[in-house]
Structures are given as C-alpha cells and as structure tokens.
Amino acid sequence: MTFINYAAREINCKIVYYGPGLGGKTTNIQHIYDRSNNGNKGKLISLATESDRTLFFDFLPIELGAIRGFRTRFHLYTVPGQVFYDASRKLILKGVDGVVFVADSQEARMDANAESISNLRDNLKQNGYDLDRIPYVLQLNKRDLPTAMDREELAAHLKIKDEPVYDAVAVKGSGVFDTLKAIIRLVMLDLKNR
Amino acid sequence: MSMSDFVILEGDYSSFTKILEKLGRDSNAKLVFLLDKNGQQIASTGDLDGIDPTSLASLTAGNVAATEGLAQLVGEQEFSILFHEGQNENLHINVVGGRAILLVQFDERSSLGLVRLRVKKASVDLSAVLEDIEARSEAQRAATVGSSPFSEITDDDIDALFS
C-alpha cells in the first residue's frame with residue numbers, strides 16, 4: 001500500500017526482504033546502510049536477539065531522487081527467518097509494496113528456501129495479497145560458497161513466475177544494489193500501472 | 001493490490017495538524033504524532049528534537065501490530081490503548097479509525113487521565129478526517145479505474161532515481 005503525501009510531496013513505499021533464517025536478509029540491509037550516503041539514509045533499526053538473530057524486524061528508510069516532483073522514500077524491512085517467528089513475519093508484510101526473496105544457495109538449505117517461499121505465499125494471502133501479482137525479485141545469495149548449488153538448477157527450483165533473478169554475495173556486497181534497484185523498478189512500475 | 005493507497009492532500013494535512021495542535025495544548029503534551037498503521041508518518045506537532053520521526057513511526061507501528069497480534073491470540077479484536085511509563089517520559093498510543101495510530105508523549109506536567117480524556121475527543125475528530133479521505137479514495141477509484149496520479153511515469157523517470 002503506497003502512501004502518497006501531496007502535502008509533503010512524498011511517495012512512501014514498503015519493501016520486505018523475506019527468506020529462510022541465516023540467509024543474509026539483514027546482511028543485505030546492513031550493506032545498503034553502510035554504502036548509502038548520509039543524506040539518503042535514515043537510522044538502521046535492528047530488533048535482534050543477543051546472538052544477532054533478527055527477533056522482530058530490521059528497518060532502514062532510504063530516500064532516492066524525485067519522480068514527477070515527488071520525493072521517493074523506501075522503507076526496507078527484513079523479517080525474522082526462523083520458522084517459529086511466523087506471527088511476526090505476518091505482521092511485517094502488512095502494507096507491503098514489494099518483496100525480495102533472499103535464497104540461501106547451499107544445497108542443504110533447499111528445503112528451507114522452498115518452505116519459506118510457501119510460507120511467504122500463505123502470509124501474503126492472509127494479508128490480502130497474491131504472490132503471483134506483487135512486485136517480486138529473487139536473490140540467490142551466498143554464490144561464493146563451495147557448497148552452493150548450480151545456479152540454473154537453483155533458479156529452476158525457486159522461480160515462481162517471471163521474476164528477475166540476481167546472484168549475490170551479500171557479505172561482500174555483490175548483487176545487493178542490483179537487487180534493490182530491481183525491486184524499486186518493479187514497485188514504481190506497479191504504481192504506474194495501478 | 002487489495003488495499004487502497006493512502007493519499008493525503010494539503011487540506012487533509014492541515015486538518016490533521018489543527019487537531020493535533022489542539023490536542024497538544026489541551027493535554028499539555030510534549031509531542032503529538034500521527035502515523036498510519038504501516039509505519040508512515042502523517043503529521044506531528046510539538047517537540048521532535050533528538051527524535052528520529054521515521055524510526056518513531058516504524059517502531060510504533062511494529063509495537064501496535066505486535067499488540068494486536070497478542071490481542072487476537074487471547075480472543076480480543078484489539079487492545080485499544082498502549083501506555084508506556086518511563087521515569088520521566090510517558091507514551092500513550094492508540095489506534096484511530098482503524099487505520100491510523102496516535103502517539104502522545106508527555107511528562108510530569110500532564111497526567112495519564114488528562115491525556116486519555118483529550119485523546120478520546122481528538123480521536124473522534126481524526127476519525128472523521130480519515131473517513132473523508134477513505135470516501136474520497138473510493139470515489140476516485142470508481143471515477144478513474146485503471147489510472148493513477150503516476151500513470152505517466154516513464155522508464156527514464158525510474159532510471160533517474162538511481163543516478
């Protein structure tokens with residue numbers, strides 16, 4: 001649900017990073033925070049456990065240029081990936097404009113990826129959204145690990161529609177901004193076509 | 001998308017601000033802050049010095065969402081008021097018109113009773129404005145099916161965002 005403020009001449013959109021636990025969602029947001037200019041980013045909020053696992057969400061507001069005289073602001077959220085935090089994940093999807101799915105490329109995490117996509121579909125549905133229609137980007141993270149699956153095979157397993165797919169090594173920052181740009185593009189196109 | 005976009009015009013903003021200013025005066029509050037349930041700031045009056053409004057909005061919305069989740073777990077539709085009591089500062093948070101959240105920050109110069117009383121009245125007024133916005137959005141949707149204020153956005157516009 002895009003928030004358009006004519007008084008402040010602002011468009012606010014909400015993007016959620018979804019995916020299995022320890023897949024690199026927070027690392028994506030952290031990298032965007034580290035590499036953005038001070039003027040373009042707000043505070044990074046991390047509601048995490050003592051062992052740095054996301055407890056409720058991470059939140060980072062970023063501001064890009066203006067479009068048709070409106071400043072564009074994007075609120076980036078991550079969900080907690082661990083299975084038992086499902087109630088929190090559902091809450092964070094409220095009002096979402098676009099979703100990035102951060103998949104873990106390791107073969108051992110294939111089941112966790114698939115389960116998380118299915119969980120995303122259910123939770124979107126319960127919030128009144130359809131995964132097949134919402135702006136959506138698939139990121140294949142941890143491509144540098146020796147245990148990473150073959151890219152084509154992984155993408156074939158995880159793709160759900162004609163979504164853009166990006167390789168990433170979030171700890172090194174590669175692919176992080178490509179993914180972000182792709183989801184922002186889709187969200188803006190969705191806004192245009194509505 | 002199943003949910004409508006939330007579109008605020010100049011007039012809505014000044015209506016909100018007037019109500020918030022009155023509430024701030026009547027309740028002796030330090031800060032009165034209105035946001036939508038998804039964590040977007042709508043309007044505020046009072047002292048925001050040293051407080052990041054975007055963080056305040058996002059955490060408040062998360063707080064309310066988590067509390068609503070708790071309410072539903074125990075069979076309630078919602079817990080209508082959240083109150084956080086600190087050593088010096090207190091926060092009174094309530095849902096307004098099902099769609100917005102009103103946050104009032106106050107210290108020893110006010111009291112919970114006074115804030116609750118004034119918030120009740122202000123909430124009625126804010127709900128009326130929110131209903132107007134909702135009705136206008138409905139009417140616009142019916143009148144302009146398939147188009148949006150941003151239907152003219154081009155690929156170049158989007159590319160320019162990243163330059």
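Convention: sequence-line order gives letters A, B, ...; per-chain numbering from 1.
- A 4.5 Å side-chain heavy-atom check between B:E152 and A:R68 finds at least one atom pair inside the cut-off.
- Heavy atoms from other residues, nucleotides or ligands lying under 6.0 Å from NZ of A:K125 number 12 at most.
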Report task. Decide yes or no on side-chain contact (heavy atoms from CB on, under 4.5 Å) for A:K192 and B:I158, but give the supporting numbers first. Result -> CA-CA 11 Å; A:K192 171 187 174 174; B:I158 298 175; 6.0 Å; no
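- Interface remark: A:L44 contributes no atoms to any contact with chain B (heavy atom separation under 4.5 Å).
- Placement of B:F6 and B:L20 within a single hydrophobic cluster is found when ILVMFWY residues are connected by side-chain heavy-atom separations under 4.5 Å, directly or transitively.
- Linking ILVMFWY residues whenever their side-chain heavy atoms come closer than 4.5 Å, directly or via other members, leaves A:L154 and A:L145 in distinct clusters.
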Requested in this report: Apply side-chain contact (heavy atoms from CB on, under 4.5 Å) to the pair B:Q41 and A:N12, showing each step before the final yes or no.
Outcome: CA-CA 10 Å; B:Q41 180 187 352; A:N12 289 279; over 6 Å; no
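- For a residue to count as touching a neighbouring chain, one of its non-hydrogen atoms must lie under 4.5 Å from one of that chain's; by this rule A:L47 touches chain B with the side chain only.
- A:Y17 meets the ring-ring contact (aromatic ring centres under 6.0 Å, His included) test with no other residue; sequence neighbours excluded.
- A:I45 and A:L93 fall within a single hydrophobic cluster, where Ile, Leu, Val, Met, Phe, Trp and Tyr side chains are chained together by heavy-atom contacts under 4.5 Å.
- Closest approach of A:K43 and B:S55 over heavy atoms only: CB-OG, 3.7 Å.
- Around the NE2 atom of B:H84, the shell of radius 6.0 Å holds more than 12 heavy atoms that belong to other residues, nucleotides or ligands.
- Within the 4.5 angstrom heavy-atom criterion, no atom of B:Q72 approaches chain A.
- Between B:I153 and A:L189 the shortest side-chain heavy-atom distance does not fall below 4.5 Å.
- By the neighbour-count criterion of 12 heavy atoms within 6.0 Å, atom NZ of A:K41 is densely surrounded, having more than that number from other residues, nucleotides or ligands.
- Proximity to chain B is limited to the side chain of A:F70, based on heavy atoms less than 4.5 angstrom apart.
- B:A65 touches chain A through backbone and side chain together, each having a heavy atom under 4.5 Å away.
- Within 6.0 Å of the CZ atom in A:R35, the count of heavy atoms belonging to other residues, nucleotides or ligands does not exceed 12.
- By the 4.5 Å heavy-atom criterion applied to side chains, B:E68 and A:L91 are not counted as neighbours.
- Between B:D12 and A:Y6, every side-chain heavy-atom pair lies at or beyond the 4.5 Å cut-off.
- For the atom pair CG of A:L76 and OG of B:S58, the computed distance is 11.0 Å after rounding to the nearest 0.5 Å.
- Looking only at heavy-atom pairs under 4.5 Å with chain A, the residue among B:G62, B:A160, B:G69 that has the most is B:G62.
- Using a 4.5 Å cut-off between heavy atoms, A:A8 does not touch chain B at all.
- In terms of heavy atoms, A:F3 sits closest to B:D36 at CD1-OD2, 4.2 Å.
- Taking the side chain as every heavy atom from C-beta outward, B:L161 and A:M188 approach each other to under 4.5 Å.
- Atom CZ of A:R121 has more than 12 heavy atoms from other residues, nucleotides or ligands within 6.0 Å.
- Contact tally against chain A (heavy-atom pairs below 4.5 Å) for B:T154, B:I42, B:L59: the top residue is B:L59.
- In the displayed structure, B:E89 atom CD is contacted under 6.0 Å by more than 12 heavy atoms of other residues, nucleotides or ligands.
- Looking at heavy atoms from C-beta onward, A:R73 lies out of side-chain contact with B:Q40 at the 4.5 angstrom threshold.
- Heavy-atom contacts from other residues, nucleotides or ligands closer than 6.0 Å to NZ of B:K120 number 12 or fewer.
- Within a 6.0 Å sphere centred on CG of A:D111, other residues, nucleotides and ligands contribute 12 heavy atoms or fewer.
- With chain B as the partner, the residue from A:K14, A:K90, A:E10, A:H75 showing the most heavy-atom pairs under 4.5 Å is A:H75.
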